[in-house]
Each structure stands twice: as structure tokens, then as C-alpha cells.
Undergrad: 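Sharing a structure here in C-alpha cells format.
Chain A is the first sequence line, chain B the second, and so forth, proteins listed ahead of strands; every chain is numbered from 1. Below, each value reflects all heavy atoms present in this structure, side chains not excepted, and no hydrogens, waters or symmetry copies.
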Number of protein chains: 2
Amino acid sequence: MDNIINLQKKIVPELSDLLVERYRILRQVSHDAPIGRRALAGELGLSERVLRAQVDFLKTSGLLSFSSLGMAVTDEGNDLLRDLSDYVRKLQDLSKLEKLLVENLHIGRVVIIPGDCDKEEVVKKEIGRAAARILLQLLADGKKQHVVAVSGGTTLAAMAENVRGNEPNTIVVPARGGLGDKVENKANTIATVLAGRLKAKYRQLYVPDSVSGEILNSILAEDPGVKAVVEIIKSADILVHGMGQAKIMAERRGLENKAMADLIADGAVGEAIGQYCDINGKVVYVTNNAGLMMNDLKRINKVIGLAGGKSKAQAILSVIRASHQDILVTDEAAARDIVKML
Amino acid sequence: MDNIINLQKKIVPELSDLLVERYRILRQVSHDAPIGRRALAGELGLSERVLRAQVDFLKTSGLLSFSSLGMAVTDEGNDLLRDLSDYVRKLQDLSKLEKLLVENLHIGRVVIIPGDCDKEEVVKKEIGRAAARILLQLLADGKKQHVVAVSGGTTLAAMAENVRGNEPNTIVVPARGGLGDKVENKANTIATVLAGRLKAKYRQLYVPDSVSGEILNSILAEDPGVKAVVEIIKSADILVHGMGQAKIMAERRGLENKAMADLIADGAVGEAIGQYCDINGKVVYVTNNAGLMMNDLKRINKVIGLAGGKSKAQAILSVIRASHQDILVTDEAAARDIVKML
DNA sequence: CCCTTGTGGAACTTTTTTCGTCCCACTGGC
DNA sequence: GCCAGTGGGACGAAAAAAGTTCCACAAGGG
């Protein structure tokens with residue numbers, strides 16, 4: 001199979017671009033359907049006319065359907081899209097990239113989505129889709145009861161959106177308390193949504209951000225509800241978490257100028273589940289809250305990290321080095337940038 | 001692999017044409033090198049300008065090299081060409097065709113070369129090449145001594161041209177005596193050439209065409225040389241033979257009008273090793289000469305039939321039905337036409 | 001030794017295709 | 001009943017592809 005791809009790259013290299021272009025269109029429509037020509041062209045950064053030529057073709061091929069509401073992907077198109085993602089990955093040598101990351105970062109499995117989150121919103125959704133598939137596979141894996149811990153963030157939200165399962169014995173919990181500015185991206189919210197789509201149970205952890213250490217301790221010691229949830233969280237066998245840029249996450253948490261300056265001075269570039277780490281994988285700061293810590297990750301059966309976008313490359317690398325990851329789902333832009341830093 | 005091809009056919013169908021066009025060019029140059037733009041365009045039926053665009057590309061890709069003598073295929077191009085033939089075969093669904101013929105005609109193996117002998121001389125050469133590869137594989141197959149019987153014809157000549165081996169224990173013989181107008185395409189000549197390129201021994205059979213049965217018998221009975229050769233021929237374990245259209249072969253052998261009319265009346269359409277058969281596989285006429293007969297084919301370990309071109313489809317089918325074939329090497333045009341007749 | 005033939009490279013024109021742009025009739029939600 | 005957004009259509013500009021012709025040169029044959 002790889003042989004065929006190399007063969008084609010040699011003798012019909014122009015094919016790659018065309019195929020990827022059509023793949024991108026199909027993928028975008030798949031997420032935004034129904035959508036019109038002009039809006040679609042805008043999102044993909046193509047001129048209307050060029051896009052039109054392609055969608056006309058895709059229509060003729062029976063992959064897209066047109067209505068007065070806009071374009072949508074046909075069933076056949078969706079089948080094709082699924083197969084195509086693997087193929088595009090190989091075509092762009094992402095398989096090799098994945099292998100490289102697996103070996104150099106000691107991760108069990110790396111999945112790279114073609115594209116760049118920073119430039120195409122749809123890529124983040126695709127990361128979510130891929131993560132959703134992986135999660136469902138893990139849950140379907142025989143064992144009766146699972147405890148799934150999730151962090152917050154838009155990528156996690158994208159995953160939750162793409163999950164659909166029937167796992168009444170599974171419990172979904174937030175990995176840590178608090179954190180998150182928008183309600184829809186808080187870990188608690190995501191746990192709820194995910195549990196809903198999984199038909200699973202869920203528990204929430206109500207511990208606000210920025211409480212002092214003493215108050216936190218007293219809550220943990222005295223509140224039996226919180227205590228129970230924390231115990232469940234600590235028993236999680238699957239963790240799905242996002243990774244963020246240290247500075248952006250710190251701002252989002254409303255860190256004071258002083259603390260922020262310290263953070264930067266300590267070289268913090270990445271953040272995951274409330275811990276900040278530098279590019280060498282050293283944890284330099286931990287937010288004051290309850291739930292999982294980086295050290296706990298080793299005990300968890302499957303740790304799944306999600307993040308994409310060239311801007312997050314450093315952050316991703318720092319978190320991976322600081323923790324134990326079983327599965328990483330990222331995008332092409334981040335992956336290529338990470339490789340440069342190795 | 002087949003999946004990938006279907007995928008591509010669906011989403012980038014224009015690829016096929018382009019790839020096949022470049023493949024044809026590469027293949028043609030490979031046989032005719034060094035050759036110029038204009039001559040090449042003529043052979044391929046392309047305009048000079050179109051061909052130029054392609055060869056310029058192939059040059060940039062490092063697959064073709066240019067000199068003042070003309071174009072030639074680079075080593076890399078030859079490697080690619082070898083891999084490509086399998087790929088093109090699958091791309092054009094020739095694998096399915098091959099399978100269909102294997103099952104319906106009870107042949108061990110069918111190899112179909114893309115194209116049409118009648119329109120492109122190079123396809124015949126490719127049939128020769130493919131047959132040469134197969135023959136070399138058979139000869140390399142452990143066993144010490146082989147006796148290879150060959151018929152005459154341009155296709156066999158093409159095969160002999162493409163053989164290169166070192167088989168000093170092998171003996172090459174003509175399948176039958178006589179027959180053939182041009183010296184270079186007589187079975188005797190081909191046996192000699194083939195033996196030379198194989199570094200093998202050879203024996204010739206000097207029995208002219210159109211001798212009466214009585215004279216033939218007396219030659220066979222009395223001439224110890226002829227007798228010995230015939231015995232070797234009968235012991236052949238590999239036979240490579242061409243197939244021809246009955247009428248054309250009859251004319252070439254100089255059959256009288258009367259006999260010719262009988263032949264046609266009997267429904268003869270195909271000919272191989274001097275026997276004529278009708279479309280249902282019944283042998284209707286046998287030329288008066290020494291060597292292998294259709295009935296002997298069952299005893300031979302590997303019988304390899306070579307023929308291509310739409311015009312020969314009927315002939316090929318008739319011969320296959322009349323005899324026992326282990327391997328058939330033909331071209332796309334003939335194969336597609338044969339399938340229609342099943 | 002020259003002459004013919006075929007070579008790759010280049011230039012120019014014509015044709016075809018692609019692309020940018022605007023308009024239109026229509027539909028579904030508000 | 002408006003209005004934003006839809007697909008479809010049309011037309012000219014721009015670009016790419018293809019047809020045509022020429023040139024300098026090198027090789028091989030008489």
C-alpha cells in the first residue's frame with residue numbers, strides 16, 4: 001500500500017493536491033451541513049468559483065447532495081470520507097510522522113489529523129471525532145465498568161459532541177475541579193454532556209478555582225460529597241485531557257500578574273489538568289484544586305491527550321514529557337512542529 | 001490495495017487517464033530508446049505538443065533522460081515501469097478480467113497486458129517481456145534439466161528478445177518442423193535465438209512444410225537425426241506457443257484454395273502448433289509435419305500460450321478450448337473480447 | 001566529406017479551460 | 001412579508017493547454 005502511494009507520488013504527483021482538496025471540502029461539508037457555496041468557500045479559503053468546480057464534481061460523483069438549504073454529504077460520501085482519512089494520512093506521510101512520535105516520545109499510539117487547528121476549525125472537530133472513536137473502542141473492550149475522567153476545553157467539547165454509545169455502567173467525571181471560563185467548556189459540563197451521549201452515569205466536582213490551600217483542605221476533609229467524588233476520580237481508568245499553552249491558560253484562569261510573571265520565568269509553556277510544565281517536562285506550577293495530578297497518570301490504564309494547532313506544539317511536547325501518555329491525538333501542523341523540536 | 005484504487009477512482013477519476021498515458025509513454029520509450037519526440041508521438045497516437053508536455057514532466061521527475069539521440073528511460077524509470085504494470089493492471093480492472101478467464105477457461109494463470117497489439121506494436125513486445133519473465137521463473141524453479149519447446153511467430157520472437165538467463169542444462173527445441181515464411185520468425189530460428197540468450201543448448205528440426213504424408217513418414221522413419229530430435233521434442237516439459245487466426249496462418253503456409261475453402265467451411269478460426277480449430281475447440285485440420293500435437297499438451301508440465309490483439313480474440317478462445325493451457329499471456333483488447341464470447 | 005535525417009529546444013498562435021464576478025429566482029426561518 | 005442565504009446561470013478576462021513552425025545540431029550513410 002505504501003508502495004502504491006510512492007508510485008503515484010512519483011508519476012502523478014498532481015493527484016495529491018487534488019485529492020486532498022476534495023477531501024477537505026467533503027470533510028468541511030460533513031461538519032457544517034447544510035452549508036452554501038459562499039460560506040464554504042470562505043471557511044476553506046478557496047474562491048467561490050474554484051470551490052464550485054469541485055462541488056459540482058462531487059455532486060456528479062454522488063458524494064454531495066444539493067438542496068435549497070445548502071450542500072450535504074451523502075451516505076456514500078460519508079463512507080468515502082471515513083476511508084479517505086486513513087488514505088490522506090498515508091499520502092501526506094503522516095503515518096511516518098506518527099511512528100516517529102511514538103518512538104521518540106514513548107507514547108503507545110499517535111493519531112495525526114491532516115491540517116491545522118489554528119487555520120481550520122474543522123480540524124479540531126476531526127480531532128474530536130477521532131478521539132471519540134478511540135474512546136468508544138476502549139469502552140467496548142470487554143470490561144464491564146469504566147471510570148472516565150475528562151478535562152475541559154474546546155477540543156474535549158468536540159470529542160463529546162461526536163460520541164454516541166450505550167455504556168450504562170460507565171461513570172464520567174471531571175479530572176479536576178473548577179477551571180474554565182465558559183460554562184460549555186468546563187470539565188464538569190463536558191463530563192455531563194459526554195455521559196449523556198454515552199448513556200452513562202456522571203459525577204460532578206464542585207470546587208471553585210482560586211481558593212486558598214486551607215479552605216481547599218477543609219472542603220476536601222469535611223464535605224463528604226466532594227470526598228466521594230474525588231475518590232471516584234482517583235480510581236479512573238481512562239483519562240481524556242486537553243493540553244493548552246501555559247500563558248493562555250494562566251490568563252484564562254485569571255492568574256495575577258505576579259504569579260504569571262513567575263510562571264513565565266520558570267519556563268512554563270504547557271498546561272494539562274491544572275499543572276504547568278516547561279519544555280523539558282518539569283512541572284513548575286500546580287493549580288490549587290482537587291482531582292488528578294500528573295503523578296497519578298502512570299496508574300491510569302489509558303491516558304488520552306488531545307490538542308492540535310501549530311501554536312500548541314511546544315505546549316504539547318512539554319506536557320508529554322512531563323507525564324505519561326498512552327494515546328495522543330493531534331494535527332499535522334502541531335506534529336510537524338514537534339518533530340522539529342526533538 | 002484494491003480498496004485504495006476504488007477510492008481513487010471515485011474521488012480522483014481523472015488520475016487513471018493521466019497515469020495510464022504516462023505509463024504508455026514510459027513503456028514505449030523503454031522499448032524504442034533512443035527515440036525522438038515526433039516518432040514517439042506517432043507511435044502513441046498523440047500530438048507532438050501533448051506528448052512533449054508529458055515527456056518534459058517525466059524528464060523533470062527523473063524518469064526519462066534526453067540526449068541528442070533521443071529519449072531513454074532512466075534506471076529509476078525502469079524500476080517504476082516494472083511496478084507500474086501491476087498497478088495499471090489493477091487500475092483497469094484487469095485483475096478481475098484475469099480471474100474471470102482463469103475460472104471460465106480453466107487456465108492456471110492468465111496475465112493481461114494493458115493495451116491492444118493491433119494498435120500498438122509495443123504491447124506485443126510487452127507480452128513477450130511478460131512471457132520471458134514467466135519462462136525464466138519456471139526455469140529457475142529448482143529442477144535441473146528442462147526441455148523447452150517453442151513455436152514460431154512474432155510474439156515468440158518478442159519473448160526471445162527479452163530473455164536473459166544462464167541455463168546450460170536446458171535444451172530448446174522447435175515445437176514442430178517447418179512453417180513460417182520469414183526466417184526470423186520460424187520456430188527453428190526462435191529456438192536458436194532463445195537458446196543463445198539462455199546460454200542453453202538447442203536442437204533444430206529440419207522438416208519442410210507441405211511434404212506428402214508418405215515422404216514425411218519415410219523421413220521420420222529413416223533419418224536418425226530427425227528421429228532423435230522428435231523424441232526430445234516429445235519429452236518437452238515446457239511449451240511456449242503462439243496462437244494465430246486460422247485464415248491468416250493458412251495463407252502464410254500457402255494452403256491451396258481448395259484446402260483453404262474446406263478449412264473455412266469447417267469453421268476453423270484459430271491455429272496453434274500447426275493445428276486448426278473451430279470456435280468450440282474442435283480440431284478440424286492438422287498440418288502434415290513432425291513434432292507436438294494438441295493431444296500431447298496434457299502431458300507437458302507447463303503450456304504457455306501467447307497472443308494478443310482484438311483481431312485474435314476468436315482464435316485464442318478456439319485454441320484454449322481445443323487444448324490444455326497452463327498459462328495464458330494476452331492483452332487487454334483480446335481479453336475483453338474473449339469475455340464477450342463466453 | 002557532405003548531405004540527409006532525426007534529435008531536443010524554443011517561439012508563436014490558436015484553442016480550450018479555468019477562474020473571477022455578478023445576477024437571478026427561490027426558499028426557509030423569523 | 002422581509003431577508004439572509006441558497007443553487008444555478010451567464011459572461012468576459014485570464015491562464016493554461018495544444019497546434020504549428022522553425023532552428024541549431026549531431027549522427028550515420030553514401
Side-chain angles (χ1 to χ4, degrees), chain A residues 11-78 121-122, chain B residues 11-77 120-122:
Chain A
I11 199 156
V12 277
E14 49 271 73
L15 143 95
S16 279
D17 303 327
L18 189 60
L19 190 145
V20 171
E21 185 167 300
R22 287 180 183 165
Y23 165 73
R24 284 182 63 222
I25 293 172
L26 223 48
R27 181 174 73 176
Q28 191 79 45
V29 175
S30 159
H31 278 102
D32 295 343
I35 189 177
R37 241 172 24 206
R38 282 165 280 263
L40 186 59
E43 293 199 54
L44 290 169
L46 297 174
S47 81
E48 185 192 334
R49 197 63 184 72
V50 171
L51 178 109
R52 186 174 177 176
Q54 299 299 342
V55 294
D56 279 352
F57 162 81
L58 292 171
K59 179 190 176 187
T60 311
S61 303
L63 303 175
L64 282 184
S65 64
F66 288 66
S67 77
S68 60
L69 289 83
M71 298 172 278
V73 182
T74 64
D75 290 346
E76 189 182 358
N78 267 316
E121 182 65 22
V122 75
Chain B
I11 198 155
V12 277
E14 47 272 73
L15 143 97
S16 282
D17 303 328
L18 189 60
L19 192 146
V20 171
E21 184 167 305
R22 288 182 182 162
Y23 164 73
R24 284 182 63 220
I25 294 172
L26 222 49
R27 180 174 74 175
Q28 191 79 44
V29 175
S30 158
H31 278 103
D32 295 344
I35 188 176
R37 240 173 20 207
R38 280 164 282 263
L40 186 58
E43 294 201 53
L44 290 168
L46 297 174
S47 81
E48 187 191 333
R49 196 64 186 71
V50 171
L51 179 108
R52 182 174 178 176
Q54 299 299 344
V55 295
D56 279 352
F57 162 81
L58 292 170
K59 178 189 177 189
T60 310
S61 302
L63 303 174
L64 282 184
S65 64
F66 288 67
S67 76
S68 60
L69 287 84
M71 299 172 280
V73 181
T74 63
D75 290 347
E76 189 183 358
E120 294 178 274
E121 181 64 23
V122 74

Undergrad: Between the main-chain N or O of Asp56(B) and the side-chain N or O of Thr60(B), is there a donor-acceptor pair closer than 3.5 Å?
TA: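 Confirmed, Thr60(B) side chain pairs with Asp56(B) backbone.
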
Undergrad: Checking Arg24(B) side chain against Leu44(B) main chain: does a donor-acceptor pair fall under 3.5 Å?
TA: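 Checked: pair present.
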
Undergrad: Could you give the CG-to-C1' distance, from Leu64(A) to dT6(D), as a whole number of Å?
TA: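 One finds 15 Å between C1' of dT6(D) and CG of Leu64(A), rounded.
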
Undergrad: Leu58(B) CG to dG8(C) C1': how many Å, rounded?
TA: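 Spelled out: CG on Leu58(B) to C1' on dG8(C) is 15 Å.
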
Undergrad: Tell me, please, which residues at least two apart from Arg38(B) pass salt bridge (Lys or Arg N to Asp or Glu O under 4.0 Å).
TA: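 Arg38(B): salt bridge (Lys or Arg N to Asp or Glu O under 4.0 Å) contacts with Glu48(B).
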
Undergrad: Please list all pairs meeting salt bridge (charged side-chain N to carboxylate O under 4.0 Å, His left out) that have one or both residues in residues 58-76 of chain A, counting only residues at least two apart or in different chains.
TA: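 Sorted pair list: Glu76(A)-Lys10(B).
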
Undergrad: Round to a whole Å and report the spacing from CG of Leu40(B) to C1' of dG8(C).
TA: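 For the pair Leu40(B) CG and dG8(C) C1', the rounded distance is 13 Å.
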
Undergrad: Atom CZ of Phe66(B) to atom C1' of dA26(D): distance rounded to whole Å?
TA: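 Phe66(B) atom CZ is separated from dA26(D) atom C1' by 17 Å.
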
Undergrad: Sub-3.5 Å donor-acceptor pair from the side chain of Arg22(B) to the main-chain atoms of Ile11(A), do we have one?
TA: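 Looks like yes, one N/O pair under 3.5 Å.
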
Undergrad: How many whole angstroms separate atom CG of Leu46(B) from atom P of dA17(D)?
TA: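 These atoms are roughly 16 Å apart.
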
Undergrad: Tell me, for nucleotides 15-30 of chain C in 5' to 3' order, what letter each nucleotide earns: B for a base near a protein heavy atom under 4.0 Å, S for only sugar-phosphate near one, - for neither?
TA: ----BBB-B---SS--

Undergrad: Return no unless some side-chain N or O of Lys59(B) is found under 4.0 Å from OP1 or OP2 of dG8(C).
TA: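 Answer no for this pair, as no side-chain N or O of Lys59(B) is under 4.0 Å from OP1 or OP2.
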
Undergrad: Between Val73(B) and Leu64(B), is the side chain to side chain contact (heavy atoms under 4.5 Å, CB included) condition met? List the steps.
TA: CA-CA 5 Å; Val73(B) 181; Leu64(B) 282 184; 3.9 Å; yes

Undergrad: Glu43(A) has an atom CD; how far is it from atom C1' of dG5(D), in whole Å?
TA: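 Distance, rounded to whole Å: 14 Å.
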
